[in-house]
Amino acid sequence: MTVWSAVLLAACICVGLKATGYLVPARLLEAPRPARISDLLTVALLGALVAVQTLGAGQAVMVDARVPAVLVAAGLLWMRQSFLVVVFAAAAVAALLRLVGLAA
């Protein structure tokens with residue numbers, strides 16, 4: 001199987017799954033339990049993505065300038081700062097740590 005065959009197969013599966021989602025009755029999705037599960041699942045997946053992107057380096061766990069930057073960003077978000085301030089502050093923390101040689 002060539003790479004393009006795999007890509008086309010994955011695309012067809014995705015289209016099929018999306019089409020199947022439209023066949024689910026709305027009353028099932030609007031019930032309290034599925035709505036709550038989908039909300040929690042979204043948060044869990046986003047948290048896992050942040051953790052993997054922050055700590056992952058291939059198959060190893062790497063603690064570098066990204067960890068303090070994410071902690072600063074989380075603190076600023078908790079203090080309800082604007083997103084632009086959060087991004088710039090996190091980038092500045094990571095850059096400063098790398099500049100002074102405290103993190104890779």
Side-chain angles (χ1 to χ4, degrees):
M1 177 182 278
T2 65
V3 174
W4 285 110
S5 299
V7 169
L8 289 174
L9 178 64
C12 290
I13 290 171
C14 287
V15 169
L17 285 172
K18 188 166 182 91
T20 303
Y22 286 116
L23 299 176
V24 176
R27 63 180 169 77
L28 290 177
L29 298 176
E30 293 170 357
R33 177 173 256 163
R36 178 88 172 130
I37 289 172
S38 68
D39 288 344
L40 293 175
L41 187 62
T42 303
V43 172
L45 287 174
L46 182 59
L49 177 65
V50 168
V52 167
Q53 291 295 315
T54 301
L55 299 172
Q59 295 293 323
V61 175
M62 176 183 257
V63 178
D64 59 3
R66 295 176 289 184
V67 175
V70 168
L71 292 175
V72 166
L76 290 173
L77 285 172
W78 182 70
M79 294 181 346
R80 302 209 185 268
Q81 295 296 317
S82 71
F83 186 70
L84 196 56
V85 170
V86 171
V87 170
F88 280 122
V93 166
L96 286 173
L97 288 174
R98 288 181 177 143
L99 181 67
V100 297
L102 292 177

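Nothing fancy with the numbering, it's 1 onward along the sequence.
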Are [X] and [Y] in one and the same hydrophobic cluster, where Ile, Leu, Val, Met, Phe, Trp and Tyr link if side-chain heavy atoms are under 4.5 Å apart?
| X | Y | answer |
| --- | --- | --- |
| L17 | L9 | yes |
| L77 | V70 | no |
| M79 | V86 | yes |
| V43 | W78 | no |
| F88 | L99 | no |

Kindly list each side-chain donor-acceptor pair under 3.5 angstrom involving residues 27-41, sequence neighbours excluded, with atom names and distances?
{"from": "S38", "atom 1": "OG", "to": "P34", "atom 2": "O", "distance (Å)": "3.3"}
{"from": "S38", "atom 1": "OG", "to": "A35", "atom 2": "O", "distance (Å)": "2.9"}

Check your understanding: Atom OG1 of T2 and atom CG of L8: how far apart are they, to the nearest 0.5 Å?
Key ->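 Between T2 OG1 and L8 CG, I get 8.0 Å after rounding to 0.5 Å.
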
Check your understanding: Going from CG on L71 to CG on L76, what distance comes out if it is rounded to the nearest 0.5 angstrom?
Key ->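 Interatomic distance, L71 CG to L76 CG, rounded to 0.5 Å: 11.0 Å.
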
Review point. R98 and R66: which non-hydrogen atoms are nearest, and at how many Å?
Key: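 Taking every non-hydrogen atom into account, NH2-CG, 4.0 Å.
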
Point to revise | Nearest atoms (heavy-atom pairs only) where A94 meets A65 | key: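 Residues A94 and A65, closest heavy atoms: O-CB, 3.8 Å.
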
Exercise for review: Check side-chain contact (heavy atoms from CB on, under 4.5 Å) between L55 and all other residues, then give those that pass, not counting sequence neighbours.
Suggested key: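 By the side-chain contact (heavy atoms from CB on, under 4.5 Å) rule, L55 matches V61, V63, V67.
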
